[in-house]
Asker: 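Structure provided below as structure tokens; questions to follow.
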Amino acid sequence: MASDPAADPDSGSTYPAERVAELRAAIAGHAAAYYERDDPEIPDADYDQLLRELADLEEAHPELAAETSPTQRVGAAPNAAFSPVTHTLAMMSLHNAFDIGELQGWQARMQRRLEGRAPERFAVELKLDGLAISLRYQDGALVQGATRGDGRVGEDVTHNVRTISDIPERIVGAPPVLEVRGEVYMKLSSFKTFNDLQVAEAQAAGKEPKLYVNPRNTAAGSLRQISAEVTAGRDLSFFCYQLSLVEGGPELRTHSESLEWLGSLGVPVNEHTRTPTTMHEVEACVEELANMRHDLDYEFDGVVVKVDDLALQAELGADAKAPRWAIAYKLPPEECTTRLVDIEVSIGPSGQATPFAILEPVFVGGVTVATATLHNEDQVAAKDVRPGDTVIVRRAGDVIPEVVGPVLSERPADAARWQFPVDCPVCHHRLVRNEGAAATNCVNFGCPRQIRGRIEHFAGRTAMDIEFLGEKNVDRFVSAGLIGDVSDLYRLDFDKVLEMPGFQEKSVNNLRAAIEHSKSRPLGNLIFGLRIPEVGQVNAALLASSFRTMERIMDASVEDLAAVEGFGPVIAEAVHGWFADPRARALIGRLADAGLTMEAEASGLKAEQTLEGVSVVVSGTLAGYSRDGATEAILARGGKSPASVSKSTLALVIGTDPGASKVNKAEALEIPVIDEAAFVELLKTGELPGRTATADRHGELPENGPKGPT
DNA sequence: ATGCCTCGAGCTCA
DNA sequence: CTCGAGGCAT
């Protein structure tokens, strides 16, 4: 902005008309910075100087004066706000098609009306989820923005529309009169930023945040602000989808031509527009656009098909509700409303009490949703959803169903704020929420849910990997009183198991062998299986390799533990505290007696430490290594293998079907992406071979196919 | 204060 | 696998 010539009075143009235009543009920019973003770019005195020069010029050259000049409106209250605006051309809605058959029906009706002639070309566009507005330009200057209203009469929202950066205040090369229609919407990223800001501000003020429900409602609400400053803070966007009125413009024969022309004038037009010629192609385009639903930074709820030829459009005309030359192909809703019947709390395997919503079942995002997690007490409070509320439920793509928020206008008068239950629904002990924690927990060590949870975790694939001992069998054995903790597994009464329905000799023998086999699992797996707070797979392996024996871990002081690389006071304290409990020590004793591995494997002659201190991430399936095999190979050579790519990653090894997020991140961070052969080389030498897979695959990756199920 | 990492929850899909 | 929360190092 410092180099803006118009800001410098000395570099002014010789011709008054040009200078006037320059001044107006500069003033508009500075005014926006000052009034709308509260962030002045130049001193007030300089601004006043520009304004004075403009006023002088306009006085000297009355033919250059204009209604829209900043001299006419600076400081003026937007008293025209929300006054009724009668649309020159009614803003009609669209007929809907919910499947391909209805799309074909529409085409057949048109063809009948045209007595057998068929449209030669169509335009297929996204139907954005925002709100429709009409913009009027006179001599290239934006003079009015209006909402759709009832289609005939809308509301004047000019003051707010001017704050939308996508919408040009002036159009160079525009005809004397120009009216366009389009959709004001909010980008998903802007919506997220905006809601994050709400949370931050509420926290700073010590209040509960008021979250906005979705980008569409936020955009609509933003345009209804009395103060344009509020609207300016919302980062709205705009796409034009129709030229509705033009006087003195070029000759335009098709809709797509008109959009192209508007685009060339600087009016934002959506890039995802197709112009197929046959209905068959139309269907393919509709499908193609529909598949982009989760790949864009904005939402759309349908695809609009229009007859491209403007003369044909005129011939087809409209019925009472909508034009005959266009139809909206509606996509299945990803968001809808339903009744929140109740809020209940479930106890997780670790004792965490998670509130969840019981919903009147609704079909949304391709599945029927009957329950949805509400995460924790604060989430329920922030959303302020109450039993009896009508709520908005959302399930976008492969995202988890979510209760977005209540529809306050539908709230029953007697709906009371929901209270977190006092007792565990499983064991009826008091629930505890610690200071500063988000979660509420059942802390009863003997809670049946937690007994089961601990045993399931112990038997899980990532811990002791006991086959045939899944959720269901654990539940049955615990219920039958056969096991109460993990050490009971090693003295399980198999005769009793044999008596249980569904168990025959063979299945019992399988189970016996699996349990027996688990005794020799490495020490790290055992430690992980114990489920010590703050100790996951990584920290468990660290404990095993640092202390070598269970005994030494049990006897380690907090300082000893904190000396482990990557351990701080919190983890050290958690480990120490866990082993300090006599019940834990007794359990370890029983496990040792049962014959479980209590020492780290004698590492013997180890592989050369070629990867000392570096980290290598693996994604996808490798031919010569199992998932853990590759990780082990890296660890054995002194390297690390975290689950995600970061700046410190030396290389990403990809097999077949690598995770897209890892590959993308590696590319973004310019981390070498290597194939299995290069990985083998890397293990051997610690060096990356000259040619990387990145170079090979360049230009190939962005063309990932459709993400939907195939 | 920042960025990397692990933990732990919840969920999908073969 | 992905995501948010939180621990730890810098």
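The chains referred to below are lettered A, B, ... by the order of the sequence lines, with proteins before strands, and numbering in each begins at 1.
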Asker: Return yes when atom NZ of A:Lys187 has more than 12 non-hydrogen atoms of other residues, nucleotides or ligands closer than 6.0 Å, and no otherwise.
Answerer: no

Asker: Could you give the CG-to-P distance, from A:Asn376 to C:dC3, as a whole number of Å?
Answerer: 19 Å

Asker: Nearest-Å distance, CD (A:Gln450) to C1' (B:dA9)?
Answerer: 15 Å

Asker: Contact class for A:Pro533 (heavy atom, under 4.0 Å): base, sugar-phosphate, or nothing?
Answerer: sugar-phosphate

Asker: Quickly work out the A:Glu534 CD to B:dT6 C1' distance and round it to whole Å.
Answerer: 9 Å

Asker: Between A:Arg216 and A:Glu335, is there a side-chain N and carboxylate O pair less than 4.0 Å apart?
Answerer: no

Asker: Could you state the CG-P distance from A:Asp378 to C:dG6, rounded to the nearest angstrom?
Answerer: 11 Å

Asker: Given C:dG7, B:dC11, B:dA9, which nucleotide is nearest the side-chain atoms of A:Arg531?
Answerer: B:dA9

Asker: A:Val538 side chain: which of C:dC8, B:dT6, B:dC11 is closest?
Answerer: B:dT6

Asker: What is the distance from CG of A:Leu374 to P of B:dC11, rounded to the nearest Å?
Answerer: 11 Å

Asker: Between A:Asp485 and A:Arg590, does any side-chain N to carboxylate O distance fall below 4.0 Å?
Answerer: yes

Asker: Can you tell me how far C1' of C:dC1 sits from CD of A:Gln537, to the nearest Å?
Answerer: 14 Å

Asker: Is A:Ser350 near enough to B:dA9 that one of its side-chain N or O atoms lies under 4.0 angstrom from OP1 or OP2?
Answerer: yes

